[in-house]
There are 2 protein chains.
Amino acid sequence: MSEPVPVLLTVDLVVLSVRADDLQVLLVRRGIEPYADAWALPGGFVLDGEDLPDAAARELAEETGFDRARVHVEQLATYGAATRDPRGRVVTVAHLALVSDPGEPRGGSDAAEAAWVPVREVPGRELAFDHERILADGIERARAKLEYSALGAALLGSPFTVAELRRVYEIVWGESLDPRNFHRKVTGVAGFLEPTGETRTERGRPAALFTAGPAGVLHPPITRQR
Amino acid sequence: MSEPVPVLLTVDLVVLSVRADDLQVLLVRRGIEPYADAWALPGGFVLDGEDLPDAAARELAEETGFDRARVHVEQLATYGAATRDPRGRVVTVAHLALVSDPGEPRGGSDAAEAAWVPVREVPGRELAFDHERILADGIERARAKLEYSALGAALLGSPFTVAELRRVYEIVWGESLDPRNFHRKVTGVAGFLEPTGETRTERGRPAALFTAGPAGVLHPPITRQR
DNA sequence: CGAATAGTGTCTATTAGACATTATTTT
DNA sequence: AAAATAATGTCTAATAGACACTATTCG
């Protein structure tokens, strides 16, 4: 029987937000080796005694100032190829975070710089480690979960209008949706949206305001084009 | 800035199979501390230089004799609570494995005994570590993925009949499905099932044989009852 | 009033679910 | 022939998608 090998454990975050009518991801420019000056997903080492959700929430707070109550964070997947980090055996538990209306990011401890980048501009940049793959997995998870979950609300401030929610779907999926059918769909599923009774007027008829309902799931789902 | 903390990394496996008209999970009785003599999910330490999929495949082969080509294995989730293992910081990357028609299990290196157990009998047993939670997550993943993926075929030998596939769905979901509607559904989605042209006769009219098709996904999905 | 946006209604094609019927084998 | 299982067909209710229409605001 072989001996167990100790590894270093990190959490990395795919932090997505809808900003400037675009799906954007939070990237940091690394301040230290390896991959110094390269763009990377925010993240860092799991600390002594710290659970994985705690580590993810802490890193998110350091990079964005968001506290976990206002953000949706879920575990994405774990990446552990022996050669993924030149420092040695470093395994990362990637998380997906969806935030609403973030201000400008602030640089964290080992991040010289942080920036929101439209996801379709990322393929041009070389990300550190296997972060390009992790980002792709995170985006696909977000797209897939919009179909059957109330995840879209996590990308919006609360309360929100049906039109704002629809815009989130359109931006994340990159396809346009019929406003009338979308409205009928999301308001028709019991418990998915909670009407606040309030309205907000921008231009035209005032829009009813909603918060995410208790259902959490959208059944039957909204389907994207295949 | 705090120091990274080294952890030991394991892979654990939720190995599911349909045996004796029942959804069963492979459990091992632990031969060593901690939790000696307790039932647990099969698994073990990730070895030096070993990637996560390799470690999962190796552990699976040790416990069942299955090589990875014949089995569906996918990463499930990672569990890293600081107190989950009394030995210290041990983080496990759980995997879901679906196998067809396994023979009797053989005990592995640190497993004194191995057994297939119907999943509905598991709540009676006390599983080691947080394995009860991991098992629950694995079962739910399998149930959910049957809806939209060709995962059911992984629980069957190849080729198989539509009736055999339907039985898998019924057993995993614990609900009965209309044979005629199920047949129409799975044979109607292009690329989901590949007819072999062969038939197999048990009792009654010979059944056409199929293999899993190239599509991999079932769109639109089959939905379970909610 | 006209423009703009929100929200409802209506029609049609597709799909799901219930269930009848036909087809092909074994005994 | 009878029993058993496979496979197809038919009907109906529900849903998705296209699109007309009404509602409520601002300028």
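Note on naming: letters A, B, ... go to the chains in the order of the sequence lines (proteins, then strands), and numbering restarts at 1 for each one. Because only heavy atoms are used, hydrogens play no part in the values below, and waters and symmetry mates are left out as well, while side chains stay in.
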### Message
Checking A:Leu193 against A:Leu165 for the side chain to side chain contact (heavy atoms under 4.5 Å, CB included) test, could you report, in this order, the C-alpha distance in whole Å, the side-chain angles of both residues, the deciding distance, and whether it holds?
### Response
CA-CA 11 Å; A:Leu193 293 185; A:Leu165 183 62; 4.2 Å; yes
Between [X] and [Y] (side chain of the first, backbone of the second, donor and acceptor by atom type, cut-off under 3.5 Å), is there such a pair?
| X | Y | answer |
| --- | --- | --- |
| A:His72 | A:Leu98 | no |
| A:Arg141 | A:Gln75 | yes |
| A:Glu147 | A:Arg224 | yes |

### Task
Let me know, please, whether A:Glu202 or B:Ala163 comes out on the 5' side of the other along DNA chain D by nearest nucleotide.
B:Ala163
### Task
Please name the pair of heavy atoms, one in A:Val186 and one in A:Phe192, separated by the smallest distance, quoted to 0.1 Å.
O-CD2, 3.8 Å
### Message
For B:Pro42 versus B:Glu63, what's the shortest heavy-atom pair and its separation?
### Response
CB-CG, 3.6 Å
### Task
Identify the 5'-most and 3'-most nucleotides of DNA chain D with at least one atom closer than 4.0 Å to a non-hydrogen atom of chain A.
D:dA16 to D:dT25
### Task
Please identify each residue that fulfils side chain to side chain contact (heavy atoms under 4.5 Å, CB included) with A:Ala94, with sequence neighbours left out.
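With neighbours one apart ignored, the set is A:Leu76, A:Tyr79, A:Ile134.
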### Task
Report, as yes or no, whether the 6.0 Å neighbourhood of atom CD on A:Glu126 holds more than 12 heavy atoms from other residues, nucleotides or ligands.
no
Listed pairs under 3.5 Å, donor-acceptor, residues 167-178 of chain B side chains, sequence neighbours left out:
residue	atom	partner	partner atom	Å
B:Arg167	NE	B:Asp21	OD1	3.2
B:Arg167	NE	B:Asp21	OD2	3.4
B:Arg167	NH1	B:Glu170	OE1	2.8
B:Arg167	NH2	B:Asp21	OD2	2.8
B:Tyr169	OH	B:Leu146	O	2.9
B:Glu170	OE2	B:Leu177	N	2.9
B:Trp173	NE1	B:Arg143	O	2.9
B:Glu175	OE1	B:Gln225	N	3.3
B:Glu175	OE2	B:Gln225	N	3.3
B:Asp178	OD1	B:Arg180	N	2.8
B:Asp178	OD1	B:Arg180	NE	3.4
B:Asp178	OD1	B:Asn181	N	2.9
B:Asp178	OD2	B:Arg180	NH2	3.0

### Query
To the nearest angstrom, how far is B:Lys185 atom NZ from C:dG17 atom P?
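Rounded to the whole Å, the gap is 8 Å.
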### Task
Send over the distance from A:Phe182 CZ to C:dT8 P, rounded to a whole Å.
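About 14 Å, once rounded to whole Å.
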### Message
Under 4.0 Å from OP1 or OP2 of C:dT8: is there any side-chain N or O of A:His183 that close?
### Response
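True: A:His183 side-chain N/O within range (under 4.0 Å) of C:dT8 OP1/OP2.
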### Message
On DNA chain C, compare the nucleotides closest to A:Arg166 and B:Pro220; which residue's is nearer the 5' end?
### Response
A:Arg166
### Query
What is the bend of the helix from C:dC1-D:dG27 to C:dT27-D:dA1 when you compare the axis at one end with the axis at the other, using five pairs each and rounding to 10°?
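The angle separating the two end axes equals 10°.
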Can you list, pair by pair, the side-chain donor-acceptor contacts under 3.5 Å of residues 197-206 of chain B, counting residues two or more places apart and other chains?
residue	atom	partner	partner atom	Å
B:Arg200	NH1	B:Glu164	OE1	3.3
B:Arg200	NH1	B:Glu164	OE2	2.7
B:Arg200	NH2	B:Pro159	O	3.3

Show the distances under 3.5 angstrom between N or O atoms of the protein and N or O atoms of nucleotides 21-25 of chain C.
residue	atom	partner	partner atom	Å
C:dA23	O4'	B:Arg205	NH1	3.2
C:dT24	O2	B:Arg205	N	3.1

### Task
Would you mind checking if B:Asp137 and B:Arg133 are paired as a salt bridge, meaning a charged N to carboxylate O distance below 4.0 Å?
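Yes, this pair counts.
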